[in-house]
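Encoded as structure tokens, the structure appears first; notes follow it.
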Amino acid sequence: MIRHVFYLSLLVAFAACDAPHVPLDDIFIEKTFVPEQCVRAVKVGDYVRYHYIGMFPDGTKFDSSYDRGSTYNVFVGKKQLIQGMDKALVGMCVNERSLVKIPPHLAYGKQGYGNIIPPDSILHFDVLLLDVWNPEDGVQINTYHMPTTCSRKVEVSDYVRYHYNGTLLDGTLFDSSHTRMRTYDTYVGIGWLIAGMDQGLLGMCVGERRIITMPPALGYGENGDGSDIPGQASLVFDVVLLDLHNPRDGIAVTNQQVPQSCTRKTVAGDFVRYHYNGSLLDGTFFDSSYSRNRTYDTYVGRGYVIAGMDEGLIGVCVGEKRTITIPPHLAYGEEGTGSKIPGSAVLVFDVHIIDFHNPSDNTEFTVTYKPEECDKQTKKGDFVKYHYNASLMDVSKWHSLSLHWIKSNQVVPGMEDGLMDMCVGERRRLVIPPHLGYGERGVTDEVPGSAVLVFDVELVEMEEGLPEGYMFIWNEDVSPDLFSEMDKDNNELVEPSEFTDYIIRQVNEGKGRLAPGFDPYRIIDNMFSNQDRDGDGKITAAEFKLKADEAAAHDEL
């Protein structure tokens, strides 16, 4: 009611200029609202949709499209309207509003129109133009944002994810993916969309924003959609493309950094430690190993990760950085993962390979220096002194030390292997897989779990060890009166002090040798306990036996 009152007041004011003594030879137009932008003005042959109120000069209303709840839709300049309205609509812009005064000879003339419009009537129309198009129109595209890089554009049969706002030509919103908080996901160019959108999305880049305008013949035609889109309506879609792939796509790999030396590349079955940042194709971040301050550790080529990553991690070097782009059918498919990864999303991983190994790997070593003279080489059980720097495969240092035994359980198994057959002065680089290093658990705050270790070692000194299973051996024939020599007070019992003094004297005189690298007194105490078979703290002649007497090949007590 308020709207109509407003219209009436305008028409009454407009009618004031219609003085009886002033002849009206042609239409008279007063523009009451002109939009800031006029992309297109009505031309003869265009099809328009407009609202109007028709009144006589005294303000009496004789017709209104508002009352019918439907715009008036017609071709302009093709004699489908009274002559005055045909002229008045030419040059109007969408959302323009005009008051149009039409003399009788350009309206219904001397005949009038039935009982509605008397003969020789001057007609006033309040016109609001809502839509204009031409049968020759096609899809119009206006790109207002283009990303700096565009490696790929939408083609026929591609699958896209995009957001849009859909409006009529006058700006009336009829639909929006943003309000649903979900992209529109579809194939392009194969008839899954209205024809205008099928055409309008072709050639778009991810991140591009464009306005796609289409005539009704490429939209919802004469009937509209039966709800929010009227018949014969031009449609305007404001679109941003977020994702693009084709069902035939495989992964795409772009190398960002490849180390100068690469002696080995990953193969199926390797165990890989790597860092990554994961994002969607439009740059939306969804996950990162860096934020957890922990590498992602997995077997590759065995189905432990999504298929695209399984493939993308094959053939990489330690230290390599690459970008792996994975289509949804090789990632999380149509369902996605819920809140972070939408369905049918292309994934982009920026990957940095920290290290890798294979469960079948042994310790690898490279001799970096070997002295010209090398008469004696290390063997298991030898006591060695060596300098080393220890690092992970990504060159982060974690330890440095200089003294070790080559003996089971004294160093990691891989180090035992790597120190074998070395000469004093020799330098080596050892690469030790985790199952011969610190395993899946690693060392808290020092060595990550499943980490490959790198040792740069230099052998400084070595002392020959004892045979396997021995802590003391004789260097010469054993005295036949060994028990008597130990029993200094001749009481037929060997006390702990007598036993210790005797063994120490044999070692000092070079007649016997204790295992190097251990506390000698603890070894001697253990030897005494072995002889003190009844555990009374004394050794009798009956208890005393050489190891040789116990079917051993060496004369150890």
Side-chain angles (χ1 to χ4, degrees), residues 1-35 38 41-42 44 46-132 168-172 222 224 228-234:
M1 184 65 184
I2 294 175
R3 176 186 292 176
H4 287 181
V5 170
F6 178 62
Y7 292 156
L8 284 171
S9 64
L10 286 172
L11 288 170
V12 169
F14 185 58
C17 70
D18 184 24
H21 61 277
V22 178
L24 187 64
D25 296 328
D26 202 352
I27 63 171
F28 181 83
I29 299 174
E30 179 182 351
K31 297 183 178 183
T32 58
F33 178 79
V34 178
C38 182
V42 177
V44 172
D46 283 346
Y47 191 91
V48 296
R49 294 191 309 110
Y50 63 95
H51 269 305
Y52 71 90
I53 297 176
M55 306 190 77
F56 297 117
D58 64 357
T60 302
K61 182 173 69 170
F62 63 81
D63 193 15
S64 171
S65 63
Y66 296 99
D67 293 343
R68 291 192 297 273
S70 174
T71 57
Y72 195 80
N73 308 334
V74 69
F75 282 100
V76 175
K78 292 191 175 184
K79 299 183 179 181
Q80 296 180 1
L81 295 163
I82 58 175
Q83 190 175 353
M85 187 62 78
D86 245 357
K87 291 181 66 175
L89 289 171
V90 174
M92 284 193 76
C93 302
V94 172
N95 286 328
E96 183 178 327
R97 184 175 172 192
S98 295
L99 293 174
V100 181
K101 185 177 181 181
I102 302 176
H105 66 279
L106 297 178
Y108 292 97
K110 297 183 180 298
Q111 302 299 320
Y113 185 77
N115 297 325
I116 300 174
I117 298 176
D120 294 319
S121 294
I122 296 173
L123 305 181
H124 292 181
F125 289 91
D126 185 343
V127 178
L128 175 62
L129 187 67
L130 299 180
D131 200 346
V132 55
L168 304 180
L169 206 60
D170 67 341
T172 302
E222 295 183 5
D228 298 313
I229 300 174
Q232 300 289 28
S234 300

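What you are looking at is a predicted structure, and each value in this text was computed from that prediction instead of being measured.
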- [ ] Working to the nearest 0.5 Å, report the span between CG of Leu128 and CG of Asn95.
- [x] 6.5 Å
Open item on the list: Could you check whether Asp86 pairs with Lys79 (Lys NZ or Arg NE/NH1/NH2 to Asp/Glu carboxylate O, under 4.0 Å)?
Closed with: no
Task: Test item: Lys61 and Asp67 side chains (from C-beta on) under 4.5 Å apart, heavy atoms - done: yes
Open item on the list: Listing request: all side chain to side chain donor-acceptor pair (under 3.5 Å) pairs with a residue in residues 107-117, at least two apart in sequence or in separate chains.
Closed with: none
Task: side chain to side chain contact (heavy atoms under 4.5 Å, CB included) partner of Tyr50, chosen from Leu130, Val76, Leu89, Val42 - done: Leu89
Task: side chain to side chain contact (heavy atoms under 4.5 Å, CB included) between Glu96 and Cys38, intermediate numbers included - done: CA-CA 9 Å; Glu96 183 178 327; Cys38 182; 5.6 Å; no
Task: CD-NE2 distance between Gln83 and His105, expressed to the nearest 0.5 angstrom - done: 7.5 Å
Task: Intermediate values then yes/no, side chain to side chain contact (heavy atoms under 4.5 Å, CB included), Val100 and Tyr52 - done: CA-CA 10 Å; Val100 181; Tyr52 71 90; over 6 Å; no
Task: All side-chain hydrogen bond (donor to acceptor under 3.5 Å, both in side chains) counterparts of Asp120, not counting sequence neighbours - done: none
Open item on the list: So which atom in Phe75 and which in Gln80 form the shortest heavy-atom distance, rounded to 0.1 Å?
Closed with: N-OE1, 3.2 Å
- [ ] Under the side-chain hydrogen bond (donor to acceptor under 3.5 Å, both in side chains) rule, collect the residues that match up with Asp170, sequence neighbours excluded.
- [x] Thr172
Open item on the list: My understanding is that only residues two or more places apart in sequence, or in another chain, count here; which of them pass salt bridge (charged side-chain N to carboxylate O under 4.0 Å, His left out) with Asp228?
Closed with: none
- [ ] Measure the CZ-CG distance between Phe33 and Leu99 for me, rounded to the nearest 0.5 Å.
- [x] 14.0 Å
- [ ] Quick one: pull up CD1 in Ile102 and CD1 in Ile122 and give me the separation to the nearest 0.5 Å.
- [x] 11.0 Å
- [ ] For the residue pair Ile27 and Met85, establish whether any side-chain heavy-atom pair is separated by less than 4.5 Å.
- [x] no
TODO: Could you grab the distance from atom CD1 of Ile82 to atom NZ of Lys87, nearest 0.5 Å is fine?
DONE: 12.0 Å
- [ ] Kindly compute the distance separating CG (Leu123) from CD1 (Ile117), expressed to the nearest 0.5 Å.
- [x] 5.0 Å
- [ ] Please name all residues satisfying side-chain hydrogen bond (donor to acceptor under 3.5 Å, both in side chains) with Tyr47, sequence neighbours left out, ordered by chain then number.
- [x] none
TODO: Determine the minimum heavy-atom distance between Phe62 and Met55, stating which atoms define it.
DONE: CE2-N, 3.2 Å
- [ ] Kindly write out the residues that satisfy side-chain hydrogen bond (donor to acceptor under 3.5 Å, both in side chains) with Ser121, not counting sequence neighbours, or none if the list is empty.
- [x] none
- [ ] Check whether any side-chain N or O of Ser65 sits under 3.5 Å from a backbone N or O of Thr71 as a donor-acceptor pair, and report yes or no.
- [x] no
Open item on the list: For a 4.5 angstrom cut-off between non-hydrogen side-chain atoms, does Val74 reach Val48?
Closed with: yes
TODO: Please check if atom CD in Glu222 has more than 12 non-hydrogen atoms from other residues, nucleotides or ligands closer than 6.0 Å.
DONE: no
- [ ] Heavy atoms only: give me the nearest Arg49-Gly231 pair and the separation to one decimal.
- [x] CD-O, 3.6 Å
TODO: Kindly say whether Val132 contributes a backbone atom to a donor-acceptor pair with the side chain of Asp46 at under 3.5 angstrom?
DONE: no
